[in-house]
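Each chain gets a letter, A, B and so on, in the order its sequence line appears, and its residues count up from 1.
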There are 4 protein chains.
Amino acid sequence: MCRWLAYYGDPIPIEALILRRQHSLIDQSLHSRDAGADPTNGDGFGVGWYDELGGMPGLYKSIQPAWNDRNLRELSKHISSPLFFAHIRASTGSPVQETNSHPFRHGRWLFMHNGYVREFPRIHRDLLLAVDPALFPEIEGSGDSEVLFHLALTFGLQDDPLTAIELMAGFVEEVGERHGVANPLKMTIAVSDGEQIIAARYSSDGQPGSLYVSTDARALKAQHPDIEEIQGLSDEARAIVSEPLGDVVGAWNAIPESSIGVAKPGQDELYEFTPRRPGGNAPPKERVSLLPS
Amino acid sequence: MCRWLAYYGDPIPIEALILRRQHSLIDQSLHSRDAGADPTNGDGFGVGWYDELGGMPGLYKSIQPAWNDRNLRELSKHISSPLFFAHIRASTGSPVQETNSHPFRHGRWLFMHNGYVREFPRIHRDLLLAVDPALFPEIEGSGDSEVLFHLALTFGLQDDPLTAIELMAGFVEEVGERHGVANPLKMTIAVSDGEQIIAARYSSDGQPGSLYVSTDARALKAQHPDIEEIQGLSDEARAIVSEPLGDVVGAWNAIPESSIGVAKPGQDELYEFTPRRPGGNAPPKERVSLLPS
Amino acid sequence: MCRWLAYYGDPIPIEALILRRQHSLIDQSLHSRDAGADPTNGDGFGVGWYDELGGMPGLYKSIQPAWNDRNLRELSKHISSPLFFAHIRASTGSPVQETNSHPFRHGRWLFMHNGYVREFPRIHRDLLLAVDPALFPEIEGSGDSEVLFHLALTFGLQDDPLTAIELMAGFVEEVGERHGVANPLKMTIAVSDGEQIIAARYSSDGQPGSLYVSTDARALKAQHPDIEEIQGLSDEARAIVSEPLGDVVGAWNAIPESSIGVAKPGQDELYEFTPRRPGGNAPPKERVSLLPS
Amino acid sequence: MCRWLAYYGDPIPIEALILRRQHSLIDQSLHSRDAGADPTNGDGFGVGWYDELGGMPGLYKSIQPAWNDRNLRELSKHISSPLFFAHIRASTGSPVQETNSHPFRHGRWLFMHNGYVREFPRIHRDLLLAVDPALFPEIEGSGDSEVLFHLALTFGLQDDPLTAIELMAGFVEEVGERHGVANPLKMTIAVSDGEQIIAARYSSDGQPGSLYVSTDARALKAQHPDIEEIQGLSDEARAIVSEPLGDVVGAWNAIPESSIGVAKPGQDELYEFTPRRPGGNAPPKERVSLLPS
């Protein structure tokens, strides 16, 4: 189990969320408060960010614990971005190496994950075989999360991300079932193409890890006229996090179990998440918004 | 604050104490139970061991947390030693680099430390200046512990180790006093020349970190005829540890505050520890045994 | 392209071949003399050794260049072994991470490789699919060499190692052919079960990397009565190396192209190496010794 | 001996000089062409850059060889700067650790060095004692270069950088003389405050490492109207490098031995470099420009 955060809004230095909050990601790396999760997330970390340079988003990955990586402190002061991912890892078995650190990248797309594929060694091979052979050479690590990303890509992430993620989840459950692995998938994930953040919270057993989204920045600013940090947020600013970054009343909202949302310019979206078996001839699903209209 | 252990007895694979105990050093690296200490000791580690090869004791040091260093698991299975030190670090400020990992070595001597020199940056320079210029080039790291070791060497560790350690402690207190640093020293330390382990527990404020010594192996074997692990101990086997490695009744004894002991072939020794100001013309101290006679 | 060495004989400290020779493996890591190879082999390294402890051979792997890894210097002084492998890596593309460092291990078996599978990303998937699914979960890295090892295991390495290696080579050539990759395999490899070293030198294009075997220690001692280092060799001592470790006349013999040999107690063996297509109904090959009888 | 480069001009991505040139710094890390230098500079590296964020310049340091550090490739694409330093290290003895990687930083100032203090272990202590005690706690590494920087700071680098550097050189020579170390200093150095680059080339024995400065960008553009790379340079662009980054005729000019220069907006400056003994009552030196007027 890991911890992650994703930010969308006006460009801010990455340190604003990684270092400067009361319960920043660095703090979570040593003292996660989530009862069901590991208190220590010290098995490497990674940051991915979009900017005007380099075509693809940038990546910085390390096998050191986030709390004592000096480069992370330097870079998070000097990298400013309108959309970034940060992830601290608590390995569930695969080795601590940069290629197993999140986020993973394919072209303009980033992906990160908290959770696991249960009994992954037993079904790893079958999941890998289902990855599009053209994508196969991109897989560099040995963990479950990178395979989930490449399955989602195989199922059309770049064209219809919500459906592709549901197909990926359905496929993992199908393969698990075939191998007698009960409740094979546990995930909170985030993906982005640089324009939007898509986040899902789902577990085969109905008990995914926690996930929170920040309250609309306009509402939050009206509610807390005296908190400077909040007044500095841009109107579209949105953070999605494994754990709240602080204790400001009304700032963080639990994302419901089995849901998938999109943070983007204009109105955000939230829908029910339903795994789909690939190859099933299910009619296209009508997405029902979970947001109050 | 860190955690350490020292072993003396018949040769055993290092893993016996690092990996295989209920509350092994690896377990302590993630979940220290000591209320006053950091729960996480993930800022590098080191192992030092004596054997028939190489003249000097061997050293293995890493900047990775002990819990996910695969080399440590390999080496601890394949290195067997009659006297070894192991140390997991929780940095109090100096960088995580191999040269700051304990144990430190000078010829046949090893040294490791849990604790700190309070406000070390303020008095670092004066402590360093007092190190014998002939020893100065050996100092490779930037932490307080390595300086303590070289001060003890300067004060005669190789000739009269107990007195040298008391002189080192007295000198640190004198320098601290001069700079207005109250209670400058907190330490549990172990040193060895390959024949004996000398361990001290002392703090200027009377509140040093915890330190335990294992019960005499003969007594322990008589008391627990049914515990295989204990029956396997050699008669002279002795471990000195920051935290007990398990919950066996009667196996671990707290070392009293302000004391210094020697584990060696034959009768072990335990004395009161009194810092001495170097240059003071104090008469040679008569050591009073704290062991029941 | 990498450099490696394998030793078999009376137990010696690993440093004897890694550090103490004129053109030791550490020296080769900075200044390889082989015209066709990279002068620098700085992309991690690994050591594997057999001893009386731990059941399986021990492994020490690092992502640092061998020339500045202090732990390697320490360990090579303190680890003594009658059969060990050492390997310095020059990556042909896959990431520098411990799981890509040689030697690779399966139970009592070790494997290391110099060379490459040409256009590996194009045929990686097909090679991986041919690995026995029961062995698949053991593959942790992303390089070609680890896949070659697991193919050889799949083809029966533990029962008939020479045939299994020929089947592995034939299979790689078959898959390469299917994908239009000319001359897909280049290799000098060593494998061991702790009792013997099997080494092969082969390339699809007839131009494998160099490989040398030391002269019979008895002959060498008779020839150089004045070289202390040589007089210290045990009678059965044998080293197999990518590059000679020094310039002693008559000490090193080039292993012929397309051959496979076995160093073991008693008479060593050397045969012609012929890749075999798996599934082909070729009659069992009669092995023809290349050694003068 | 190491290799370094410094850039001043309109903001460019760091990769422009680190990766994209014919004989880029990455290429120099594996294949330095300078006859007197090590061909391999694989003992860690560092980058320092100025930007609008973070107050102080940013630093990225690594113990990996530059040629296989993926983070360096990522960051050099995504960090754009009007003034940056990059340094690849070939250790002359001190350990490979981030705190020994250049550039070093003090507030807004950066410093990097190629060369060495001869017999540094013998005079290290005396050099260190001369560092302003207020600066002493900033020294984190164990190498000679960081001490040179802090001596220059002690002698007034921030107020009169040229004089401070000459005082530093004179002091090192004085201490060397006192200890019987002939020709103690060899250096090409660069320092910056974010507004200007000051570079010096000096050796006590008259044989410093090589140093080159790029030709005035306006002249270079007029001379090579057909080279796109050159047309893209801003008028004030200037690079100072241990080795030329390519073979363009007229692009690189050797900096004379025993000289010190300043690259800054407007006219650059070049003067003779003369070490000064601190405490000597020499009258203020009149600087004589070495540039044609």
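Arg70(A) CZ to Thr99(D) OG1: the interatomic distance, rounded to the nearest 0.5 Å, is 7.5 Å. Here the straight-line distance linking atom CG of Asn71(D) with atom CG of Leu59(A) works out to 8.5 Å at 0.5 Å rounding. In this structure, the separation between CG on Asp51(A) and NZ on Lys77(D) is 12.0 Å, given to the nearest 0.5 Å.
Of the two parts of Glu15(A), neither the backbone nor the side chain holds a non-hydrogen atom closer than 4.5 Å to a non-hydrogen atom of chain D.
Atom CZ of Arg20(A) has 12 or fewer heavy atoms from other residues, nucleotides or ligands within 6.0 Å.
Among the candidates Ser80(A), Pro57(A), Ser62(A), the residue making the largest number of heavy-atom pairs closer than 4.5 Å to chain D is Pro57(A).
Counting all heavy atoms, side chain and backbone alike, Leu53(A) lies closest to Ile79(D) at CD1-N, 4.4 Å.
Panel note: side chain His78(A), backbone Trp49(D); no donor-acceptor pair is recorded below 3.5 Å.
Looking at Arg105(D) and Glu74(A), their side chains come closer than 4.5 Å, going by heavy atoms from C-beta outward.
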